[in-house]
Amino acid sequence: MFEPKGIITIDGPSGAGKSTISRGLAAKLHFTYLDTGAMYRAVGLALERQGIDLADTESLTQCLAAIELTLSPNGDEDVRVALNGEDVSQAIRTPEMGMVASRVSAHPLVREKLTALQRQLGEEGGIVAEGRDMGTVVFPKAFCKFFLNASAEERARRRQKQLAEKGQSVDYQEILDQISKRDYDDSMREHAPLKPAADAIIVDSSSMNPQAVIEYMLACIANPAP
Ligand code: DC
């Protein structure tokens, strides 16, 4: 049964359309959209700026303790992210920061901090949470879980178009290589790897437009499997 204060999770690899779909689904349901990739990106930025060596547990712990993140919805656009009060929304949305986020996200201390914050943000329910481990680790009791996928080639094509719309011109092969590396690293890591939850509904969006994916998900939410 549909839970007005429930949690919906959407996991999947980079470029599968999770942000557009999660934002659209949240708007339809009057839920809050939680972009957890943005959180890993912001933490990656903070650690990189301070030149923190992930092997130096003491410096990492200190740096993480001093990080304060605030996420605010931004209509049809990407959520706005403040890192200790500074708006880093643009700085975190580059392919390079995606790679940095993927690297730092493999560290258990980084995951511990963000998992706690994500659960806190989800406490009141009524959220669509997007990421890699939402259905498996952060919100295992979510009432509806999706795993959104698309072929690597299709995801690279979409990502290139998205970046072009923001005025960033990046070579297709370079994007495809980055996507493949991130898929591999995010899936093979020890802590909270990218994988579908056992009870997730797998959606392949390779030949579906965002509207069709949202309609399909709404139908699944309205008529969950027994
Ligand atoms: O969704 P994104 O591209 O903004 O995510 C950037 C990286 O952050 C991704 O490659 C892996 C990491 N991430 C994660 O480990 N767990 C999440 N729930 C979300 C993102």
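Start at 1 and go down the list; that is how both ligands and their atoms are numbered. Starting from 1, each residue takes its place in the sequence as its number.
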*Consider only side-chain heavy atoms of I, L, V, M, F, W and Y, link residues closer than 4.5 Å, and tell whether Leu194 and Leu34 are in one cluster.*
no

Pairwise, report which nitrogen or oxygen atoms of ligand 1 are under 3.5 angstrom from protein nitrogen or oxygen atoms, and how far apart they are.
{"unit_1": "ligand 1", "atom_1": "1 (O)", "unit_2": "Arg132", "atom_2": "NH1", "d": "2.9"}
{"unit_1": "ligand 1", "atom_1": "1 (O)", "unit_2": "Arg132", "atom_2": "NH2", "d": "3.4"}
{"unit_1": "ligand 1", "atom_1": "3 (O)", "unit_2": "Arg41", "atom_2": "NH2", "d": "3.0"}
{"unit_1": "ligand 1", "atom_1": "3 (O)", "unit_2": "Arg132", "atom_2": "NH2", "d": "3.4"}
{"unit_1": "ligand 1", "atom_1": "3 (O)", "unit_2": "Arg182", "atom_2": "NH1", "d": "2.9"}
{"unit_1": "ligand 1", "atom_1": "4 (O)", "unit_2": "Arg41", "atom_2": "NE", "d": "2.7"}
{"unit_1": "ligand 1", "atom_1": "4 (O)", "unit_2": "Arg41", "atom_2": "NH2", "d": "3.4"}
{"unit_1": "ligand 1", "atom_1": "10 (O)", "unit_2": "Arg132", "atom_2": "NH2", "d": "3.4"}
{"unit_1": "ligand 1", "atom_1": "10 (O)", "unit_2": "Arg182", "atom_2": "NH1", "d": "2.8"}
{"unit_1": "ligand 1", "atom_1": "10 (O)", "unit_2": "Asp186", "atom_2": "OD2", "d": "2.8"}
{"unit_1": "ligand 1", "atom_1": "15 (O)", "unit_2": "Ser105", "atom_2": "OG", "d": "3.3"}
{"unit_1": "ligand 1", "atom_1": "15 (O)", "unit_2": "Arg111", "atom_2": "NH1", "d": "2.8"}
{"unit_1": "ligand 1", "atom_1": "15 (O)", "unit_2": "Arg111", "atom_2": "NH2", "d": "3.4"}
{"unit_1": "ligand 1", "atom_1": "15 (O)", "unit_2": "Arg189", "atom_2": "NH1", "d": "2.9"}
{"unit_1": "ligand 1", "atom_1": "15 (O)", "unit_2": "Arg189", "atom_2": "NH2", "d": "3.0"}
{"unit_1": "ligand 1", "atom_1": "16 (N)", "unit_2": "Arg111", "atom_2": "NH2", "d": "3.0"}
{"unit_1": "ligand 1", "atom_1": "18 (N)", "unit_2": "Thr36", "atom_2": "OG1", "d": "3.0"}
{"unit_1": "ligand 1", "atom_1": "18 (N)", "unit_2": "Arg132", "atom_2": "N", "d": "3.1"}
{"unit_1": "ligand 1", "atom_1": "18 (N)", "unit_2": "Asp133", "atom_2": "OD1", "d": "2.9"}

*Who else is in the cluster with Tyr172 when I, L, V, M, F, W and Y are joined by side-chain contacts under 4.5 Å?*
Leu176

*asked:* Can you confirm whether the side chains of Arg158 and Ser205 place a donor and an acceptor under 3.5 Å from each other?
replied: yes

*Do NZ/NE/NH1/NH2 and the carboxylate oxygens of Arg132 and Asp11 come within less than 4.0 Å?*
no

*Are Tyr40 and Leu109 connected, step by step, through hydrophobic side chains (Ile, Leu, Val, Met, Phe, Trp, Tyr) whose heavy atoms are closer than 4.5 Å?*
yes

_Between Asp133 and Arg189 (salt bridge meaning N to carboxylate O under 4.0 Å), is one present in this structure?_
no

